[in-house]
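In this chain, numbering begins with 1 at the start of the sequence shown. Counting convention: from 1, in listed order, for ligands and their atoms alike.
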Amino acid sequence: MDIRNCVKCGKIYNYINGIPMCPTCKSHLEDQFQVTKKYIRDNPSATIVQISEECEVPIKLIHQWIREERLIFSKDSQIGIECEICGSSIRTGRFCDVCKHDLHNNLDDALKKQTFVEELSKRREENKMWYLDRK
Ligand SMILES: [Zn+2]
Ligand SMILES: [Zn+2]
């Protein structure tokens, strides 16, 4: 048996898998997720701030659900998060299609992938600086 403290309420419980959270908190989180999902479906043009306020869910959590590809927005929605590599706006997941394609083509092992991601984010920083200079 794997006994842990819930990250949310601190209660000791029997850990199974995933995030270390007790069943009570986990089901509460799942409720919040369902509420959020329904709200997005009913209000396709809502912004993240709106969703966060209406559903009483932290923005960070909404971002996390988007990264996990659990929340997907319609094409008309203004909502997007940044690609972790180039920063362009995406609707779900971690990377935009271009970076995903690059990652897929260049790499097979995880270590190389990590280096590549770092390299690309560095390049992105440099681009940003260049852009600021020009302004
Ligand atoms: Zn808990
Ligand atoms: Zn990208």
Going by the rule side chain to side chain donor-acceptor pair (under 3.5 Å), which residues pair with N14 if we only count those two or more places apart in sequence or in a different chain? none

Could you pull out all residues at least two apart from K37 that satisfy side chain to side chain donor-acceptor pair (under 3.5 Å)? none

Within the distance-only criterion (no hydrogens, no angle test), does the side chain of T92 pair as donor or acceptor with the backbone N or O of I66 below 3.5 angstrom? yes

For the side chain of E84 and the backbone of G93, is there at least one donor-acceptor N/O pair under 3.5 Å apart? no

Are the side chains of [X] and [Y] in touch, meaning some heavy atoms are under 4.5 Å apart?
X: V57; Y: F33; value: no
X: Q64; Y: L61; value: yes
X: L29; Y: I19; value: yes
X: I51; Y: I40; value: yes
X: I85; Y: L103; value: yes

Closer than 2.8 Å to the Zn ion (ligand 1), what protein N/O/S atoms do you find? C6 SG, C9 SG, C22 SG, C25 SG

At distances under 2.8 Å, what protein N, O or S atoms surround the Zn ion (ligand 2)? C83 SG, C86 SG, C96 SG, C99 SG

